[in-house]
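What you see is a predicted model; the values in this text were computed from it and never measured. Protein chains get the first letters and strands the later ones, always in sequence-line order, with residue 1 at the start of each.
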Number of protein chains: 2
Amino acid sequence: METIKGRKDGYHHGDLRNALVGAAIDLATAGGPEAVVLREAARRVGVSPTAAYRHFAGQGDLLFAVKSHGQDALAVAMRAEIAASGAAAGSARAEADPGAAAVERTKAVGRGYLRFAFAEPGMFRTAFCRIAMPMDAETGQPTRDDNDNFSSFDMLSTVLDDLVATGRMSPRRRPGAEVAAWSGVHGLAILVIDGPLAMLRGEALAASVENVLETLVQGLCAQD
Amino acid sequence: METIKGRKDGYHHGDLRNALVGAAIDLATAGGPEAVVLREAARRVGVSPTAAYRHFAGQGDLLFAVKSHGQDALAVAMRAEIAASGAAAGSARAEADPGAAAVERTKAVGRGYLRFAFAEPGMFRTAFCRIAMPMDAETGQPTRDDNDNFSSFDMLSTVLDDLVATGRMSPRRRPGAEVAAWSGVHGLAILVIDGPLAMLRGEALAASVENVLETLVQGLCAQD
DNA sequence: GGTGGATGTTAACGCCGTGCACATGGCGCG
DNA sequence: CGCGCCATGTGCACGGCGTTAACATCCACC
């Protein structure tokens, strides 16, 4: 007997949920969250629109799955950028000058975030799109965990801790540092992607990225 | 003869365009850009949906008008915050310590931006929403100016210039400073409004605002 | 080997944005 | 003064969307 996946011939699809998510991911990648159209995803999979309701509560639920995927993809990109920076914890460079390496890791985290945003704007916007959380009628609380599963947030916390541990950042500034750092990079990403700073491209964009990262590190590591 | 406005009795409205924009502003204020529904605006004004097409190219054009209004409202809020800071150019405080006043003005600009974002999230999101620019068939360029008329951008440039003039900020750091400053406050606004940092409220939110502003100023004014 | 529940289908509803033909009525021109 | 023209508003229709309800199909288990 064949594995359950991959059998598309019959009346039953076999792996419809994943197929729909895949199609929806393509839509989001190409056009952002507003392009995640349930009927179109079903069309691409070759199935009737209502079939999707056997696997998702509705369009919002499908979009939510894509959003989660986008958050994961972002975290992967950030992790890759840290590795590429050559300043990962335990690397030779980190041993030689832990403080400088911590700074470099901090910048790498931001650089990974922004690289992903500019390389995959549709998916980035989807990863941060507003979503109507299905509310539980009784408790009045969101049924699904607010999620924002952001493992990327943990990466940010870690490099900021390292900044303190190596003496680069005053412990006094540590509280709330995640918010300041996240805000800086996220703001640049959104402003460039959504229009206001769309004129930044190529070399100018790369310069802006480095400028924002440098300003952020300077602000976080200021002594007085 | 009466003024043209205010005559609603007859077949002709008399000021339909403004009335529609007003209704659309209410919609955006309450629910953000996705709530700007042409049919609903027409319904509220008491007119058929297609009547709107005599005054707007389509829904996108109506949304564009609301967006422009939102940008203006943001600039007004920022200007008010500078005045309220007591550190406006020419004030007694500015005379006594120009450098400190310039720093305070810079923070006030950011504070005004964020205050507006949190007080009017729907309109703020609308002011920065993506919009399908009607493309000119011949040139392939947007027919309407990319706009982002941002007079707020000018305010930001001015306070940054003052930071340099008073010696608080190194001229070397001046290029691109607008982008870094704007990114920092915009990122915080979006992250709080759109969900990821929605848990920040009340006192914690106020603290985050001040923390981001302080980090930004420190980063911009760093000496080395 | 039948039967039931999971998983698909078709039909239909009410929104939305939008184009087309027609109605209305104020204003300027003869 | 009257009349016709054009700006402005109306009704109707179309296709696309999300979503519900009723029906069909097939697999898996007793």
(message) Measure CG/A/Leu62 against P/D/dC17 and give the value in whole Å, please.
(response) 14 Å
(request) Could you check how far CG of A/Leu27 sits from C1' of D/dG18, rounded to whole Å? (result) 15 Å
(message) Under 4.0 Å, heavy atoms only, any strand: does A/Arg43 hit a base, just the sugar-phosphate, or nothing?
(response) sugar-phosphate
(request) Mind calculating the distance between CZ (B/Arg17) and P (D/dA7) to the nearest angstrom? (result) 17 Å
(message) Please report the distance, rounded to the nearest Å, between CG in A/Leu16 and P in D/dC26.
(response) 16 Å
(message) For a side-chain contact (heavy atoms from CB on, under 4.5 Å) check, start with the C-alpha distance between B/Val217 and B/Leu213, then their side-chain angles and the critical distance, and finish with the verdict.
(response) CA-CA 6 Å; B/Val217 168; B/Leu213 293 177; 5.6 Å; no
(message) Could you check, using the six-membered ring where one of them is a Trp, whether A/Phe118 and A/Phe124 have ring centers closer than 6.0 angstrom?
(response) no
(request) Starting from the 5' end of DNA chain C, give me the residue, B/Gln59 or B/Arg54, whose nearest nucleotide shows up first. (result) B/Gln59
(request) Could you check how far CD of A/Glu40 sits from P of D/dG15, rounded to whole Å? (result) 18 Å
(message) So for B/Arg39 and C/dT18, does any side-chain atom that can act as donor or acceptor lie under 3.5 Å from a complementary atom in the base?
(response) yes
(request) Any chance you could measure B/Ile193, atom CD1, to B/Leu114, atom CG, to the nearest 0.5 Å? (result) 9.0 Å
(message) How many whole angstroms separate atom CG of A/Asn18 from atom P of C/dT7?
(response) 13 Å
(message) Output the rounded distance in Å from CZ (B/Phe56) to P (D/dT8).
(response) 12 Å
(request) Output yes when at least one side-chain N/O atom of B/His55 is less than 4.0 Å from OP1 or OP2 of D/dG9, else no. (result) yes
(message) Counting distance alone, no hydrogens or angles: does the base of D/dG9 have a donor or acceptor under 3.5 Å from a partner atom on the side chain of B/Thr50?
(response) no
(message) If we ignore hydrogens and angles and just use 3.5 Å, is the side chain of A/Arg105 paired with the main-chain N or O of A/Ala87 as donor and acceptor?
(response) yes
(request) For the side chain of A/Leu38, starting at C-beta, report the closest nucleotide among C/dT9, C/dT18, D/dT19. (result) D/dT19
